[in-house]
Amino acid sequence: MNIKQLLSDRTLAAFTVLGLPEGTNPAVTQSTRPEFGEYQINGAMGAAKLLKTNPRELAGKLLELLELSDIAEKAEIAGPGFINVSLKADWLAQQLKHAAGDKRLGVSINPQPKTVVVDYSAPNLAKEMHVGHLRSTIIGDAVVRTLEFWGDKVIRQNHMGDWGTQFGMLIAHLEDKLAAGIDLEQVALADLEDFYREAKKRFDDEAGFADKSRDYVVKLQSGDSHCQKLWQLFIDTSIKHSDEVYQKLNVTLKHADIKPESAYNSMLHGIVDDLKQQKLAVESMGALVVFLSELADKDGNPSPFIVQKTGGGFLYSTTDLAACQYRSHELAADRIIIFTDARQALHFKQVELVSRKAGYLRDSTAYDHCPFGTMMGEDGKPFKTRTGGTVKLVDLLEEAVVRANTVLQDKATDLTAGEIAEIANKVGIGAVKFADLSKNRTSDYIFSWDAMLSFEGATAPYLQYAYTRVRSILRKADVAENFQADIVLQSVHEKQLAVKLLRLEETLQMVIKDAQPNVLCNYLYELASLYMSFYEACPILKDGIEPELRSSRLMLSILASRVLQQGLDLLGIEVMERM
RNA sequence: GCGCCCGUAGCUCAGCUGGAUAGAGCAACGCCCUUCUAAGGCGUGGGUCAUAGGUUCGAAUCCUAUCGGGCGCGCCA
């Protein structure tokens with residue numbers, strides 16, 4: 001059920017009769033104020049501009065043509081030409097009953113499934129995942145889950161960074177340790193962070209080490225088996241780390257979703273040769289470059305996009321072109337979505353332009369780079385810890401669970417230690433995820449332990465708490481799995497809750513269109529909030545409640561719990577029966 | 001220098017294709033647990049939507065300029 005869509009369709013039909021062009025915007029929105037009903041149709045005013053008539057008169061004509069008597073108890077013109085629609089309580093009740101009897105909660109299924117490739121997480125394998133990897137990983141995962149729920153075929157691609165210059169440095173450092181007689185078992189690969197720092201220090205300070213590192217990269221990339229063996233050690237360790245994080249985070253990425261940079265190695269020569277042949281790439285200052293006039297500056301200097309370094313090495317630009325070709329042609333993607341931070345915006349614009357020109361991206365493949373801002377510290381400056389490093393993601397998650405545990409020990413009286421541990425895990429991780437997912441900002445965002453680990457207000461625990469309250473009532477009422485009853489919407493609380501419950505599909509459509517799960521976060525918070533008000537104002541199991549009213553409110557509760565659970569599941573956040 | 005993103009309450013942020021009186025949470029201050037879980041509910045205070053112009057019936061939203069912040073601009077990813 002998508003009420004907005006229904007109203008839009010009917011408005012468009014009326015527009016056609018009025019002789020308006022096909023693309024005219026019906027501008028159906030949720031009403032901003034309760035006295036304006038639940039929905040408002042604002043399209044008459046825009047249409048009047050096109051027809052050069054009086055907007056209020058046109059709204060009148062539109063209203064006459066609109067057939068709304070089945071769903072609305074009132075539809076009236078207000079102000080310069082708004083049409084305010086108040087929906088019938090029993091029509092809403094009927095829609096709710098249908099949703100309650102449906103596994104998909106009344107959300108329709110995609111009539112034309114698309115193949116969508118989603119590139120997310122993509123950690124750098126030379127280091128452990130830090131808080132900066134959180135956004136890409138969980139936003140991507142939420143979008144992936146939502147697309148799958150809607151019915152698209154989703155192909156996850158974890159474009160892990162396993163092929164860059166830094167691996168030469170790591171291998172060189174490891175090689176020296178081995179040569180010094182240190183046993184491989186004893187080399188502290190487990191703490192990759194430390195190992196990386198040692199290597200980096202030598203790279204910066206030690207004469208000759210940088211050159212040695214570069215040699216190792218070349219050897220590695222040209223297939224030297226000894227190098228590849230050492231390299232594999234780093235990769236295995238790294239993947240083990242990221243697997244741990246994914247599991248803790250309740251993220252759906254699996255081994256099979258890993259398609260690292262190295263996987264494209266064999267395609268790179270072909271890509272570069274092809275670009276030369278197509279005369280897109282030309283030699284410039286020793287390197288091979290594609291010049292993009294589309295991105296020229298004021299003086300007409302085209303934007304350079306280097307695809308091969310002086311000396312023949314490839315770059316991440318080359319790899320990303322190969323990835324484009326693979327995804328668009330071999331995976332037959334209708335849409336490619338890439339989640340990275342905004343600093344790479346220019347790069348991906350260039351990748352798309354070159355790929356379109358060279359034919360690596362089919363015309364029918366949409367290419368969406370979805371950027372997000374860089375992480376800042378609480379002082380508003382680029383984020384660093386006191387020691388100048390980064391916060392490991394594992395540490396943040398562990399801290400969240402510890403804090404949740406403390407709160408639970410305080411509040412929960414009748415839970416066993418085992419239950420508390422399980423709940424603390426869901427609450428702590430949920431809080432971290434929701435704090436990040438609920439932000440829309442494409443601009444920079446501020447990393448704060450306290451904000452990440454807050455359990456009060458608009459947070460995951462609030463939603464989880466609302467869920468446990470509903471479940472508690474349903475347990476007490478001892479309702480059957482397939483409980484069905486008529487719904488009556490009397491109070492404003494009940495009606496508002498009802499309308500919100502019916503907006504799930506609208507919400508999911510928005511999430512999919514713009515790849516922004518924060519819309520779903522807002523929706524679920526509002527839903528939980530309305531349920532909390534309903535809970536306080538509308539007693540269910542207390543004395544003196546009529547049986548019909550009791551059943552009706554139970555129905556609303558059941559539906560609310562299911563929508564909350566489903567919505568949170570799409571965000572990768574778990575619920576529990578008690579907390 | 002050029003380009004991209006951003007500037008909304010003390011703080012963190014919503015605000016969907018331009019819509020009516022700009023909303024939440026935190027913090028502050030009141031009230032509500034012998035009644036379905038108080039991680040909750042109800043209420044109060046708090047705003048030149050960075051600034052100045054423009055477009056129009058209507059602008060936080062679109063355009064231009066200025067100021068402020070972040071980032072990116074040839075061989076790292």
Side-chain angles (χ1 to χ4, degrees), chain A residues 25-33 36 40 42 45-46 48-49 54-56 78-82 122 124 126 161 163-166 261 284-289 295 297-299 301 303-311 313 315-317 319-320 341-347 349 371 373-374 376 378 380-382 404 407-408 410-413 427 435 438-446 448 450-451 454-459 461-462 464-466 468-470 472-473 476-477 506-507 510 513-514 516 518-519 521-522 525-526 529 532-533 535-537 539-543 557 578-579:
Chain A
N25 187 356
V28 175
T29 65
Q30 298 172 24
S31 293
T32 46
R33 306 169 64 75
F36 298 155
Q40 53 187 66
N42 302 334
M45 292 173 286
K49 200 176 278 184
N54 179 298
R56 223 185 135 97
F82 300 103
N124 185 335
W163 209 232
T165 316
Q166 71 273 36
E261 290 181 315
S284 164
M285 298 161 73
L288 205 62
V289 182
L295 299 174
D297 65 17
K298 262 185 185 169
D299 303 327
N301 300 314
S303 167
F305 185 65
I306 301 178
V307 295
Q308 189 171 29
K309 295 193 273 192
T310 305
L315 306 96
Y316 83 133
S317 51
T319 310
D320 280 333
D341 76 272
R343 286 176 291 194
Q344 301 186 46
L346 175 60
H347 165 75
K349 200 174 280 176
T374 12
M376 313 296 269
E378 294 191 52
K381 291 183 176 153
V407 177
L408 273 161
D410 244 33
K411 309 212 181 216
T413 47
V427 168
S438 57
K439 292 185 173 70
N440 162 45
R441 294 283 151 186
T442 48
S443 65
D444 304 333
Y445 61 103
I446 292 177
S448 138
D450 287 339
S454 166
F455 300 152
E456 273 175 23
T459 62
Y462 178 90
Q464 291 166 322
Y465 181 65
T468 61
R469 278 182 139 186
V470 191
S472 175
I473 287 182
K476 288 204 164 116
E506 270 173 50
T507 306
M510 278 198 265
K513 184 171 155 278
D514 300 324
Q516 288 188 337
N518 79 301
V519 176
C521 292
N522 293 342
Y525 175 68
E526 284 162 10
S529 186
M532 292 286 205
S533 301
Y535 179 94
E536 302 280 343
I540 302 172
L541 304 179
K542 294 183 184 174
D543 293 342
S557 297
R578 296 165 219 271
M579 66 186 277

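The basis for the numbers below is simple: all heavy atoms, side chains too, and nothing from hydrogens, waters or symmetry mates. Source: prediction; values computed, not measured. Just so we're on the same page: letters track the sequence lines, and every chain starts at 1.
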Completion exercise
Rounded to the nearest 0.5 angstrom, the CE-OH distance for Met532(A) and Tyr465(A) is 6.0 Å

Practice task
Considering only atom C1', compute the distance from rC6(B) to rU12(B) and round it to an integer number of Å.
Solution key: 16 Å

Handout entry: Interatomic distance, Asn301(A) atom CG to Leu295(A) atom CG [nearest 0.5 angstrom]
Key = 12.5 Å

Exercise for the section: For the residue pair Asn124(A) and Gln166(A), establish whether any side-chain heavy-atom pair is separated by less than 4.5 Å. Expected result: yes

Problem - Partner nucleotide, any strand, of rG47(B) [Watson-Crick/G-U, under 3.5 Å] - result: none

Practice task
Assign a letter to each nucleotide of nucleotides 15-20 of chain B from its 5' end: B, base within under 4.0 Å of a protein heavy atom; S, sugar-phosphate only; -, no contact.
Solution key: SBB-BB

Practice task
With C1' as the reference atom in both, quote the distance from rG30(B) to rG68(B) in angstrom, rounded to an integer.
Solution key: 39 Å

Exercise for the section: For the pair Tyr525(A) and Tyr462(A), name the ring-plane relationship: parallel under 30°, tilted 30 to 60°, perpendicular over 60°. Expected result: tilted

Problem - Nearest heavy atoms of Ser284(A) and Val289(A), plus distance in Å - result: CB-CG2, 4.0 Å

Problem - Base versus backbone protein contacts along nucleotides 63-77 of chain B [heavy-atom cut-off under 4.0 Å; B, S, -] - result: -------SSS-BBSB

Handout entry: Reported OG-to-NZ distance for the pair Ser317(A) and Lys309(A), which is rounded to 0.5 angstrom
Key = 10.0 Å

Handout entry: Closest non-hydrogen atom pair between Pro55(A) and Pro80(A), with its separation
Key = CB-O, 3.5 Å

Exercise for the section: Determine the Euclidean distance between corresponding C1' atoms of rC49(B) and rG15(B); express it in Å to zero decimal places. Expected result: 11 Å

Completion exercise
Atom CG of Asp450(A) and atom P of rA27(B) are separated, to the nearest Å, by 11 Å

Handout entry: Syn or anti for rC33(B) (syn when the glycosidic angle lies within 90° of 0)
Key = syn

Handout entry: Complementary nucleotide of rC33(B), counting Watson-Crick and G-U pairs under 3.5 Å
Key = none

Practice task
For nucleotides rA22(B) and rA50(B), find the distance between their P atoms and express it as a whole number of Å.
Solution key: 15 Å

Fill in the blank from the handout: To the nearest 0.5 Å, atom CD1 of Ile306(A) lies from atom OH of Tyr316(A) at 10.5 Å

Problem - Least distance between heavy atoms, Gln40(A) atom then Gln30(A) atom - result: CG-O, 4.2 Å

Handout entry: Reading 5' to 3' through nucleotides 36-47 of chain B, protein heavy-atom contacts under 4.0 Å coded B for base, S for sugar-phosphate only, - for none
Key = BBSBSSS-----

Practice task
Determine the interatomic distance between C1' on rA27(B) and the same-named atom on rC11(B); round to the nearest Å.
Solution key: 8 Å

Practice task
With P as the reference atom in both, quote the distance from rA14(B) to rC2(B) in angstrom, rounded to an integer.
Solution key: 30 Å

Practice task
Using whole Å, report how far OH of Tyr445(A) lies from C1' of rU8(B).
Solution key: 21 Å

Problem - Nearest-0.5 Å distance, CD of residue Glu506(A) to CE of residue Met510(A) - result: 6.5 Å

Handout entry: Span that lies between the P atom of rA9(B) and that of rC63(B), in whole angstrom
Key = 22 Å

Practice task
Mind running side chain to side chain contact (heavy atoms under 4.5 Å, CB included) on Met285(A) and Thr310(A) for me, showing each step along the way?
Solution key: CA-CA 8 Å; Met285(A) 298 161 73; Thr310(A) 305; over 6 Å; no

Exercise for the section: Can you tell me, in whole Å, how much space there is between the P of rG25(B) and that of rG18(B)? Expected result: 28 Å

